[in-house]
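Have a look at the structure below, then the notes.
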Number of protein chains: 2
Amino acid sequence: MNLPAEIDDPSTCPVNRRDGVTLWRQIASRLQGDIASGALKPGGRLPTEAELSAQFGVNRHTVRRALEELSRSGLVRVEQGRGSFVAEDVLDYTVEPRTRFAEWIRKHNKEPSGIVRQLREIPADRRVADALGVRSGSRVVLLERLGLADDRPVSLTRHHFPATRLKGLLAALQATPRITDALRVVGVDDYMRLQTRVTARMPTPTEAELLRMPRTRPVLVTENINVDRDGTVIEFAIGCYPTPRVQIVFEP
Amino acid sequence: MNLPAEIDDPSTCPVNRRDGVTLWRQIASRLQGDIASGALKPGGRLPTEAELSAQFGVNRHTVRRALEELSRSGLVRVEQGRGSFVAEDVLDYTVEPRTRFAEWIRKHNKEPSGIVRQLREIPADRRVADALGVRSGSRVVLLERLGLADDRPVSLTRHHFPATRLKGLLAALQATPRITDALRVVGVDDYMRLQTRVTARMPTPTEAELLRMPRTRPVLVTENINVDRDGTVIEFAIGCYPTPRVQIVFEP
DNA sequence: ATGCATTTGTTCGTATGTATG
DNA sequence: GCATACATACGAACAAATGCA
């Protein structure tokens, strides 16, 4: 099964079938080099497996073995039906008593922005009512917002506020998209999180599209209750974060 | 589509097609009652949709509408290809500086146990080496353990210890499955977690089988570093927890 | 909604080189 | 030398997810 010598010329074909180094290792380290050198950029797309196998003159399985290795080490991200991509920086979401969206994003030297998807009053279902400590069916202000870092979606959050306790909040939120500012308008100067619960599930098609993530990867879901200085519950928030772009970090 | 009158007799067929209440609501509330009364037990299996539709004398779609409602409210869990199950108690995994497996399970009034899947020395790969602060390739003790609560799997954890720093640990772990005890043998009386990182991914087939969960639901993955009293890193642990059976809770 | 092209994922089977006893 | 086991590599076919017209 030996190939003609000229194909072993490194300039035309980078794989060396004689020196005892396995082909997939050669390919993996070559790709790793391209990523390290910046020839392949974070978030950028790698050639398809078919292209790589043609380029290196090996079987597709061999390329896949190399990609598997790079994927395991977190350098690339493989998505069925789409392709392989150079891994982006992971955005650590550090859970602290006073985490605010904009500060979180700025800490990673990215520009925060947001898109309000919904803002209206709704009756509380049982889950929301329990969390807020209000009667089921009583009015709550719902704010659904897509959070972006440098225009890449990183969170989809549903905020629930007790409307009767915070009169004028809906109007305040219509005036400003910043929750902290709107709360200040209705007299809440400070608030902090009481407890954060984390779970994971598959995204709905809408969520996957909004967060620009494949439907095959789970979202992290946080639920948390925010209280004001007196300990009164003022918010129940449910956040969705795309994996593995976002990770949640607890530092006690 | 009307059925003969006698079938409307509540004792033989619980659905009432005359009083204006939609069939799926009647079925949902009937099932909800069976769950509340304990006739259907947490984790137990509901009859198949076909059985339910025969039992209630309605179309399978109507049963599905009822199950959808119960699923949305979290009372039952529908798994494609397996069936519908009464939701079990969620096991909150509270992240604290000194969380120990057995204490976590006992706090939920369940009996902790574990199965050691692997216990041996391996060379550190880069990720583990970075976390432990040792050279890549240096020896680490690997302990992989399936954690059970009342004989139901709730965690799959890979513990990595620096072998050179903790001489005799492998032998100590062979003698006792309890990590805290084994560490005490090699001179570590106390340890605590420095940071916990949470993400989520789909389980491997093996993980799904071990954790007795469907392959369509994600696992929560935690990574954490434990240090002794001096701040020396003594453990890097990776834990997998099945959703939605286990949730992670952080209380600042 | 439907079909089609693209791309990755999975599973067969086959062959080869290397290390082991 | 021989049998065995294992990792590597290749080939073909099909399944599944995605994106697009």
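As the structure is a prediction and not an experimental result, all values here were calculated from the model.
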Set of residues satisfying ring pair (Phe, Tyr, Trp, His ring centres under 6.0 Å) with respect to Phe101(A), sequence neighbours excluded: Trp104(A)

Can you name the salt bridge (Lys or Arg N to Asp or Glu O under 4.0 Å) partners of Glu223(A), sequence neighbours left out? Arg127(A)

Axis-to-axis angle across the helix from dT2(C)-dA21(D) to dG21(C)-dC2(D), five pairs an end, to 10 degrees? 10°

For DNA chain D, what residues of residues 59-68 of chain A have any heavy atom nearer than 4.0 Å? Asn59(A), His61(A), Thr62(A)

Test side chain to side chain donor-acceptor pair (under 3.5 Å) applied to Asp125(A) - qualifying residues, sequence neighbours left out: none

Using the salt bridge (Lys or Arg N to Asp or Glu O under 4.0 Å) criterion, which residues pair with Arg120(B)? Sequence neighbours excluded. none

Does a side-chain N-to-carboxylate-O contact under 4.0 Å join Glu235(B) and Arg165(B)? no

Show me the donor-acceptor pairs, under 3.5 Å and distance only, between side chains in residues 76-84 of chain A and residues at least two apart or in other chains.
residue  : atom : partner  : partner atom : Å
Arg77(A) : NH1  : Glu79(A) : OE2          : 2.4
Arg77(A) : NH2  : Glu88(A) : OE2          : 3.2
Glu79(A) : OE1  : Arg82(A) : NE           : 2.9
Glu79(A) : OE1  : Arg82(A) : NH2          : 3.2

So, with a heavy-atom separation below 4.0 Å from DNA chain C, the residues of residues 76-84 of chain A are Val78(A), Glu79(A), Gln80(A), Gly81(A), Gly83(A), Ser84(A)

Could you measure the distance from the CG atom of Leu142(A) to the CZ atom of Arg158(A)? Nearest 0.5 Å is fine. 7.5 Å

Using chain A heavy atoms and a threshold of under 4.0 Å, write down where along DNA chain D the contacts begin and end, 5' to 3'. dT8(D) to dG19(D)

Are Val219(A) and Tyr241(A) packed together at the side-chain level, in the sense that at least one heavy-atom pair is separated by less than 4.5 angstrom? no

Students often get this wrong, so: under 4.0 angstrom with heavy atoms, is Arg217(A) touching a base, only sugar-phosphate, or nothing? nothing

Residues forming a side-chain contact (heavy atoms from CB on, under 4.5 Å) with Ala175(B), sequence neighbours excluded: none

List for me each residue that meets salt bridge (Lys or Arg N to Asp or Glu O under 4.0 Å) alongside Arg65(A), sequence neighbours excluded, and say none if there are none. Glu69(A)

Who pairs with Glu68(A) by side chain to side chain donor-acceptor pair (under 3.5 Å), at least two apart in sequence or on another chain? Arg72(A)

Quick one: does Leu220(B)'s side chain get under 4.5 Å of Val246(B)'s, heavy atoms only? no

